[in-house]
Amino acid sequence: ETGVTQTPRHLVMGMTNKKSLKCEQHLGHNAMYWYKQSAKKPLELMFVYSLEERVENNSVPSRFSPECPNSSHLFLHLHTLQPEDSALYLCASSRLLAGGLDTQYFGPGTRLTVL
Amino acid sequence: SQQGEEDPQALSIQEGENATMNCSYKTSINNLQWYRQNSGRGLVHLILIRSNEREKHSGRLRVTLDTSKKSSSLLITASRAADTASYFCATRGQGAQKLVFGQGTRLTINP
């Protein structure tokens, strides 16, 4: 266990559904991340939150909407997704250090399938 | 792009042998990290090496960094079946806030 939990572990949704992915970290970290991992592609950074403020948005389509209500929780709200959005969505957290962000600790991921 | 590129993409060896994976990157870095991922699971941090370090050890893992060649290698000694996984290098650039991951090396240890 890495101290980062994600729910649900598996999600199947239609293109018109609205769902949310949840991530919780129990490590006292103050930075959190969403990544997308598709087959045969490098891990893609989607969003970075540092001290509950979004500091990075890597040109992610608006059908993905992140929310960070506090330093321990991170959500990814999904609506009107496309089949190509099917992937493993990974959450990570880290400490925020003066020189940048520290080693990242990953959750087990949510396997998302969009029909 | 700063993206790390691992080599080889896939490696299959016998249990007990050593496994070596390489990573190359393109721009100056603050540090380089190696992660392991078991199939369909999250990534687990293995080791971090800073730009002013040349070699680092952790148990059966040995990481080297050559900043002049912009490359790093991960050596796993006396491999075990449980080492079967994908291994990723990730770089953090100077002054950058994010890690950039490579595509990974898929390592298979045959019993």
Side-chain angles (χ1 to χ4, degrees), chain A residues 1-7 9-10 21 23 25 27 29-51 53-58 86-113, chain B residues 1-10 21 23-53 56 58 61 63 72 74 85-106:
Chain A
E1 292 296 327
T2 61
V4 181
T5 58
Q6 288 187 242
T7 55
R9 294 294 310 279
H10 300 271
L21 309 185
C23 176
Q25 58 95 2
L27 301 168
H29 291 164
N30 47 22
M32 297 188 78
Y33 314 75
W34 279 117
Y35 287 89
K36 176 184 178 182
Q37 188 176 36
S38 305
K40 300 182 180 178
K41 281 187 174 182
L43 206 60
E44 299 173 58
L45 179 64
M46 300 174 73
F47 302 103
V48 180
Y49 276 82
S50 176
L51 298 174
E53 184 179 326
R54 192 190 312 178
V55 297
E56 185 119 10
N57 176 348
N58 271 9
S86 298
L88 182 67
Y89 288 84
L90 293 164
C91 172
S93 70
S94 72
R95 294 182 299 165
L96 175 62
L97 300 180
L101 302 174
D102 200 3
T103 302
Q104 294 178 21
Y105 291 77
F106 284 79
T110 295
R111 172 67 64 186
L112 173 67
T113 302
Chain B
S1 165
Q2 184 184 285
Q3 183 176 319
E5 295 181 4
E6 285 93 341
D7 168 54
Q9 290 189 352
M21 290 158 272
C23 170
S24 61
Y25 57 92
K26 295 180 180 174
T27 61
S28 296
I29 61 170
N30 177 286
N31 66 62
L32 184 145
Q33 304 178 29
W34 285 92
Y35 288 79
R36 184 186 74 211
Q37 183 181 33
N38 289 88
S39 181
R41 306 281 297 183
L43 280 70
V44 175
H45 178 257
L46 295 176
I47 198 164
L48 180 154
I49 186 164
R50 301 186 193 285
S51 60
N52 61 353
E53 296 176 311
K56 209 160 182 182
S58 177
L61 306 181
V63 168
S72 173
L74 170 67
S86 291
Y87 291 81
F88 296 86
C89 70
T91 54
R92 183 155 74 76
Q94 296 286 358
Q97 289 188 313
K98 65 182 184 182
L99 288 177
V100 178
F101 286 81
Q103 288 190 290
T105 293
R106 175 70 191 165

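These values consider heavy atoms only, across backbone and side chains, with no hydrogens, waters or symmetry-generated copies. First the proteins, then the strands, lettered A, B, ... as listed; each starts at 1.
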dist B:Arg41:CZ -> A:Arg9:CZ (nearest 0.5 Å) comes out at 4.5 Å

Go through the structure and list residues passing salt bridge (Lys or Arg N to Asp or Glu O under 4.0 Å) with B:Glu53, not counting sequence neighbours. B:Lys56

Just to verify, what does A:Tyr105 make a ring-ring contact (aromatic ring centres under 6.0 Å, His included) with, not counting sequence neighbours? A:His29

Distance check, rounded to the nearest 0.5 Å: A:Leu45 atom CG versus B:Leu99 atom CG? 8.5 Å

Report which part of A:Gln37 has an atom under 4.5 Å of a heavy atom belonging to chain B: side chain, backbone, both, or neither. side chain

Chain A heavy atoms under 4.5 Å from B:Leu43: which part of the residue, side chain, backbone, both or neither? both

A:Lys41 and B:Gln103: which non-hydrogen atoms are nearest, and at how many Å? CA-NE2, 4.0 Å

Roughly how far apart are B:Gln37 CD and A:Leu88 CG, rounded to 0.5 Å? 6.5 Å

Can you measure from CZ (B:Phe101) to OH (A:Tyr35) and round to the nearest 0.5 angstrom? 4.5 Å

Is any side-chain heavy atom of B:Tyr35 closer than 4.5 Å to a side-chain heavy atom of A:Leu43? no

Quick check: are there more than 12 heavy atoms from other residues, nucleotides or ligands sitting under 6.0 Å from CZ of B:Arg50? no

